[in-house]
K.L.:
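Below are the structure tokens for one structure; questions will follow.
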Amino acid sequence: MLVVMRSHATPAEIARVVETIAGLGLTPHPLPGATRTAIGITGNTGAVDKARFEVLPGVEDAIRVTKPYKLASREMHRDDTTIAMPQGTVGPKSFTVIAGPCSVEGEGMILECAAHLMSRGVKFLRAGAFKPRTSPYAFQGMGLEGLAILKKARAQTGIGIVTEVMDVEHAAAVEEASDIIQIGTRNMQNFSLLKRVGQCRKPVLLKRGMSATLEDWLMAAEYIMAGGNYQVILCERGVRTFSDHSRNTLDLSVIPPAKTLSHLPIFVDPSHGTGKRAYVPAMSLAALAAGADGLLIETHPTPDQAMSDGAQSLDYPALDALLAQIKQLAPFFGRPV
Ligand code: PEP
Ligand code: MN
């Protein structure tokens, strides 16, 4: 249920609705909008009686939300969500590029990469300190030492850090080191981890599970939002299909329905989506044209020597060329970069 307040509703009237919801043993989620506040209600197992809210002063309407995901749904929140960070705002009026290596491989390369990205106007560095690898014998990431390196890169350059949390145990350390917390494809339905990042107060980049439907994905976002963390960014990174010409099948067709059903921003990761660096530029531009709000691009100073995902990583000249194309194309879609 969504309680929509009148545009001139007073703070006291809003507070009364919040108290009434809490008094019923339910959870109120005040959602300030451009012209009016709406208050989402979760926690009910059966139908909530609309009449209880319609009679309260300042209430315009009480609307039933038909989708199983509530806080993530466009029914609950008509306006697109924008997320303001010191490095820039994520949302429909901007196009955010996050770039960097798959893994933190050492201090020198991360500091140098952060400086390079900032010099090119890229304000967010991605790099995993905890790596979910298919093989237990593959490089597992530098762990806490890697997080310390990321913090140093942020302190030196002001770049925003995007890094993955793999388990509840390291959630506090990852939250401290990051500006955006990444949940990887393999953990999209790790419900204890989703609940844990729901307690964090940093935005969460939620990658789509490699065999998740849009509804599964939005329900995963709902887990995070139900904990009070409303800053969720969806990230399409390719799904498993019969195709073997690319590592995954980048499902750009999910963007328009995701935008219809949800108000959350959506990014695209063309690196994991294709697995081959040659295909990354085309899919990046296609993502922009399809309505994505940003990109997550693996970049490495020497991709052929990368400790993970080198085949899909751009070198710096290739990233520079792609950034130049994005700069030209983005304003056409109303997204100056
Ligand atoms: C990554 O971003 O390096 C990564 C492991 O991504 P995914 O979870 O999409 O495989
Ligand atoms: Mn990777």
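Start at 1 and go down the list; that is how both ligands and their atoms are numbered.
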K.L.:
Identify, by atom number and element, the atoms of ligand 1 in contact range of K131, meaning under 4.0 Å from any of its heavy atoms.
P.N.:
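Counting from 1, the qualifying ligand atoms are 1 (C), 3 (O), 5 (C).
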K.L.:
Salt bridge check: are R247 and D309 linked by an N-O gap of less than 4.0 Å?
P.N.:
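A salt bridge links R247 with D309.
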K.L.:
Between E298 and R126, is there a side-chain N and carboxylate O pair less than 4.0 Å apart?
P.N.:
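Between R126 and E298 there is a salt bridge, with a charged N closer than 4.0 Å to a carboxylate O.
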K.L.:
Return the residue, atom name and 0.1 Å-rounded distance of the protein heavy atom closest to atom 8 (O) of ligand 1.
P.N.:
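Nearest protein contact, heavy atoms only, for atom 8 (O) of ligand 1 is T185 N, 2.8 Å.
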K.L.:
Once rounded to the nearest 0.5 Å, what's the spacing between atom CG of L150 and atom OG1 of T163?
P.N.:
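One gets 5.0 Å once the value is rounded to the nearest 0.5 Å.
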K.L.:
Quick test of your reading of the model: are D251 and R240 salt-bridged, counting only N-O distances below 4.0 Å?
P.N.:
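Between R240 and D251 there is no salt bridge, as every charged N stays at least 4.0 Å from the carboxylate O atoms.
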K.L.:
Give the numbers and elements of all ligand 1 atoms closer than 4.0 Å to a heavy atom of R237.
P.N.:
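Within the 4.0 Å cut-off of R237, ligand 1 contributes 7 (P), 9 (O), 10 (O).
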K.L.:
Does some non-hydrogen atom of R126 fall short of 4.0 Å from ligand 1?
P.N.:
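Yes; R126 lies near enough to ligand 1 that a heavy-atom distance drops under 4.0 Å.
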K.L.:
Can you name the atoms of ligand 1, numbered from 1 with element, that are less than 4.0 Å from a heavy atom of C102?
P.N.:
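Checking each atom against C102, I get 3 (O).
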K.L.:
Restricting to N/O/S, name the atom of E298 that gets closest to the Mn ion (ligand 2).
P.N.:
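Checking each N, O and S atom of E298, the shortest distance to the Mn ion (ligand 2) belongs to OE2.
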K.L.:
Please check: side-chain N/O of S94 versus main-chain N/O of T96, any donor-acceptor pairing under 3.5 Å?
P.N.:
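No.
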K.L.:
Set out, in order, the CA-CA distance, both residues' side-chain angles and the distance that settles salt bridge (charged side-chain N to carboxylate O under 4.0 Å, His left out) for D293 and R335, then state yes or no.
P.N.:
CA-CA 9 Å; D293 298 297; R335 298 174 182 271; 3.0 Å; yes
K.L.:
Please check if the side chain of N229 supplies one atom and the backbone of V197 the other of a donor-acceptor pair under 3.5 Å.
P.N.:
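Between the backbone of V197 and the side chain of N229 there is a qualifying donor-acceptor contact (under 3.5 Å).
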K.L.:
For the backbone of H245 and the side chain of S243, can you confirm whether one donor and one acceptor N or O come within less than 3.5 Å of each other?
P.N.:
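No: the side chain of S243 does not pair with the backbone of H245.
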K.L.:
Taking both backbone and side-chain atoms of E164, is any N or O found less than 3.5 Å from an N or O belonging to ligand 1?
P.N.:
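It does not: no N or O of E164 is found under 3.5 Å from an N or O of ligand 1.
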K.L.:
Is D269 in polar range of ligand 1, meaning some N or O pair under 3.5 Å apart?
P.N.:
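No; every N/O pair is 3.5 Å or more apart.
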K.L.:
If I consider every N, O or S atom in D309, which one ends up closest to the Mn ion (ligand 2)? I only need its name.
P.N.:
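Atom name returned: OD2.
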K.L.:
Which of the atoms of ligand 1 are close to G184, meaning less than 4.0 Å from one of its heavy atoms?
P.N.:
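Answer, ordered by atom number: 8 (O).
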K.L.:
Just need the protein heavy atom nearest to atom 4 (C) of ligand 1, so name the residue and atom and give the distance.
P.N.:
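Going atom by atom, the protein heavy atom closest to atom 4 (C) of ligand 1 ends up being H272 NE2, 3.4 Å.
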K.L.:
When the ring centroid of Y230 is compared with that of H29, is the distance short of 6.0 Å?
P.N.:
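So the answer is yes for these two rings.
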K.L.:
If I apply the N/O under 3.5 Å rule, does D309 come out as touching ligand 1?
P.N.:
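It does not: no N or O of D309 is found under 3.5 Å from an N or O of ligand 1.
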K.L.:
Pick one of side chain, backbone, both or neither for how Q182 approaches ligand 1, counting any non-hydrogen atom pair under 4.0 Å.
P.N.:
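Q182 to ligand 1: side-chain contact only, backbone stays beyond 4.0 Å.
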K.L.:
What atoms of ligand 1 come within less than 4.0 Å of a heavy atom belonging to K207?
P.N.:
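Near K207, meaning under 4.0 Å from one of its heavy atoms, ligand 1 has 1 (C), 2 (O), 4 (C), 6 (O), 7 (P), 8 (O), 9 (O).
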